[in-house]
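Order of the sequence lines fixes the chain letters, A, B, ..., with proteins taken first and strands second; residue numbering starts at 1 for each chain.
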Amino acid sequence: MPENPYATPVLAWYETHARDLPWRRPDATPWGILVSEIMLQQTPVARVLPAWQSWMERWPTPADLAAEPPGAAVRMWDRLGYPRRALNLHASARAIVDEHGGEVPREHAQLLALPGVGSYTAAAVASFAFGQRHAILDTNVRRVLARVIDGVQYPPKSQTKAEATTAQELLPPEPAVAARWGVAVMELGALVCTARSARCGECPLAGQCAWRQQGYPQHSGEPRRGQRYAGTDRQVRGRLLAVLRSAEGPVPRCELQRAWDEPIQRDRALRGLIHDGLVDPLPNDSFALPG
DNA sequence: TAGACGTGGTG
DNA sequence: TCACCAAGTCT
């Protein structure tokens with residue numbers, strides 16, 4: 001297993017440039033770290049910050065959240081996006097209480113079994129909350145490694161086995177150092193080696209970066225697929241859920257109809273929300289957040 | 001394994 | 001302005 005020639009400069013850079021985020025402080029609990037990781041999925045730090053504060057004030061432990069109906073989580077989630085994450089967090093809280101004595105589990109496999117916790121999040125919690133040695137491979141790390149090692153502007157569209165192998169090989173032997181390395185590369189990708197710009201003047205790896213040495217070859221091939229939103233079911237679902245969140249209790253169907261004109265798509269979106277457990281259909285043709 | 005899944009900020 | 005992008009997961 002080759003040594004990691006990037007660890008020393010990246011760790012030194014992190015020492016002085018890491019952001020002071022509440023879930024990174026010494027007093028952060030595993031639960032707080034899990035909540036942050038779920039919230040941060042596809043969501044910028046700036047938007048997570050206030051949401052995380054409110055969430056942790058209201059539900060400081062998994063048991064606090066588990067005692068509430070799932071709809072309370074969905075309402076609290078507000079406009080963070082991908083509201084099924086709120087449902088997943090609630091279901092995770094109940095699983096943690098029911099199956100782990102109210103404590104966030106330490107084992108990667110047990111974390112992975114929680115709803116909404118995939119490969120990245122399980123590794124992140126095991127590493128950041130419990131100081132274990134796991135490869136962290138998120139969008140930031142993938143981009144940094146693609147540039148520094150492979151000399152390309154962007155990583156492949158979907159994660160490859162080769163990327164996982166590389167991340168594993170770069171892991172420092174000491175668990176505590178490995179955990180530090182993981183956040184540090186992520187932070188480098190988030191602050192310096194970003195998707196839109198590469199501030200190589202501030203980068204501790206500028207001298208050993210393949211992409212830089214090769215003159216920044218631009219991404220060639222298919223344009224990177226952008227997600228459309230306007231007019232999609234996702235937008236309709238968002239509108240419907242917004243109505244239900246703003247209401248105190250159940251909402252009659254006619255009120256939901258004002259959220260979207262087109263009836264076929266509106267009904268399809270509503271059925272989807274019900275199917276996903278984000279909405280409860282009630283007897284008198286009204287609807288509510290799940291109770 | 002693509003595609004679905006929210007929302008808002010930005011270059 | 002308007003694509004693109006943001007600590008992914010699930011099917």
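Using a 4.0 Å heavy-atom criterion, one finds that A:L137 contacts no nucleic acid atom at all. Within the 4.0 angstrom heavy-atom criterion, base atoms lie near A:L80. Across all strands, A:R268 comes closer than 4.0 Å to no nucleic acid atom at all (heavy-atom distances). Backbone-only contact: A:R79 has heavy atoms under 4.0 Å from sugar-phosphate atoms and none from a base. A:A195 comes within 4.0 angstrom of sugar-phosphate atoms only, judged by non-hydrogen atoms across all strands, and of no base. Within 4.0 Å of A:G118, counting heavy atoms only, lie sugar-phosphate atoms of the nucleic acid but no base atom. No contact: A:T232 has no heavy atom under 4.0 Å from any strand. Contact annotation for A:W77: no contact, since no heavy-atom pair falls under 4.0 Å across all strands. Using a 4.0 Å heavy-atom criterion, one finds that A:T194 contacts no nucleic acid atom at all.
Ring geometry, A:W59 versus A:W55: the interplanar angle exceeds 60°, so the pair is classed perpendicular (tilted spans 30 to 60°).
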Given A:Q153 and A:W211, is the side-chain hydrogen bond (donor to acceptor under 3.5 Å, both in side chains) satisfied, shown in steps?
CA-CA 7 Å; A:Q153 186 176 19; A:W211 190 45; 5.6 Å; no

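In this structure, A:R245 atom CZ and B:dG6 atom C1' are separated by 9 Å, rounded to whole Å. The CD atom of A:Q235 sits 13 Å away from the C1' atom of B:dG8 (whole-angstrom rounding). Atom OH in A:Y82 sits roughly 14 Å away from atom P in B:dG3 (whole-Å rounding). Protein atom CG of A:L87 is 21 Å distant from nucleotide atom P of B:dA4, rounded to whole Å. Here the P atom of nucleotide B:dT1 and the NZ atom of A:K157 are 13 Å apart, to the nearest Å. Atom CZ in A:R142 sits roughly 11 Å away from atom C1' in C:dG8 (whole-Å rounding). In this entry the distance linking CZ of A:R228 with C1' of B:dG8 reads 18 Å, nearest Å. Here the P atom of nucleotide C:dA6 and the CG atom of A:L191 are 12 Å apart, to the nearest Å.
The 5' end of DNA chain C is approached more closely, in terms of each residue's nearest nucleotide, by A:R24 than by the other of A:R24 and A:P115. Where A:L112 and A:E187 each meet DNA chain C at their nearest nucleotide, the meeting point lying more 5' is that of A:E187.
Spacing between C:dC4 and B:dG3 at atom P, rounded to whole Å, works out to 15 Å. Separating the P atom of C:dA7 from that of B:dT10 is a span of 14 Å, rounded to the nearest Å.
A sub-4.0 Å separation between OP1 or OP2 of C:dT9 and a side-chain N or O of A:T121 is present. Proximity of A:R237 to the phosphate of B:dG6: a side-chain N or O atom is located under 4.0 Å from OP1 or OP2. Put simply, A:Y229 has a side-chain N or O that comes within less than 4.0 Å of OP1 or OP2 on B:dT7. Not one side-chain nitrogen or oxygen of A:R47 sits closer than 4.0 Å to the OP1 or OP2 atom of B:dG9.
Near DNA chain C, meaning a heavy atom under 4.0 Å from it, residues 34-41 of chain A has A:E37, A:L40, A:Q41 in order of number.
A salt bridge links A:E68 with A:R58; the closest basic N to acidic carboxylate O contact falls under 4.0 Å. Remark: A:D261 does not engage A:R266 in a salt bridge, criterion side-chain N to carboxylate O under 4.0 Å. Checked for salt-bridge contact, A:D20 and A:R25 meet the test: a charged N lies under 4.0 Å from a carboxylate O.
For A:E37 and A:Y120, the side-chain atoms include at least one donor-acceptor pair closer than 3.5 Å.
In terms of polar N and O atoms assigned as donor or acceptor, the side chain of A:T43 comes within less than 3.5 Å of the base of B:dG6 in a complementary pairing.
Residues A:I136 and A:S127 are in side-chain contact: their nearest non-hydrogen atoms beyond the backbone lie under 4.5 Å apart. Within the 4.5 Å cutoff, the side chain of A:L244 has heavy atoms near those of the A:L256 side chain.
Among the nucleotides B:dT7, C:dA6, B:dT10, the one closest to any side-chain atom of A:R196 is B:dT10. Closest to the side chain of A:Y154, from the set C:dA6, B:dC5, C:dC5, is C:dC5. The A:Q42 side chain lies nearest to C:dG8 when the options are C:dG8, C:dA7, B:dG8.
The stretch residues 170-191 of chain A participates, sequence neighbours left out, in these side-chain hydrogen bond (donor to acceptor under 3.5 Å, both in side chains) pairs: A:E15-A:R180, A:R19-A:E187, A:R24-A:E187.
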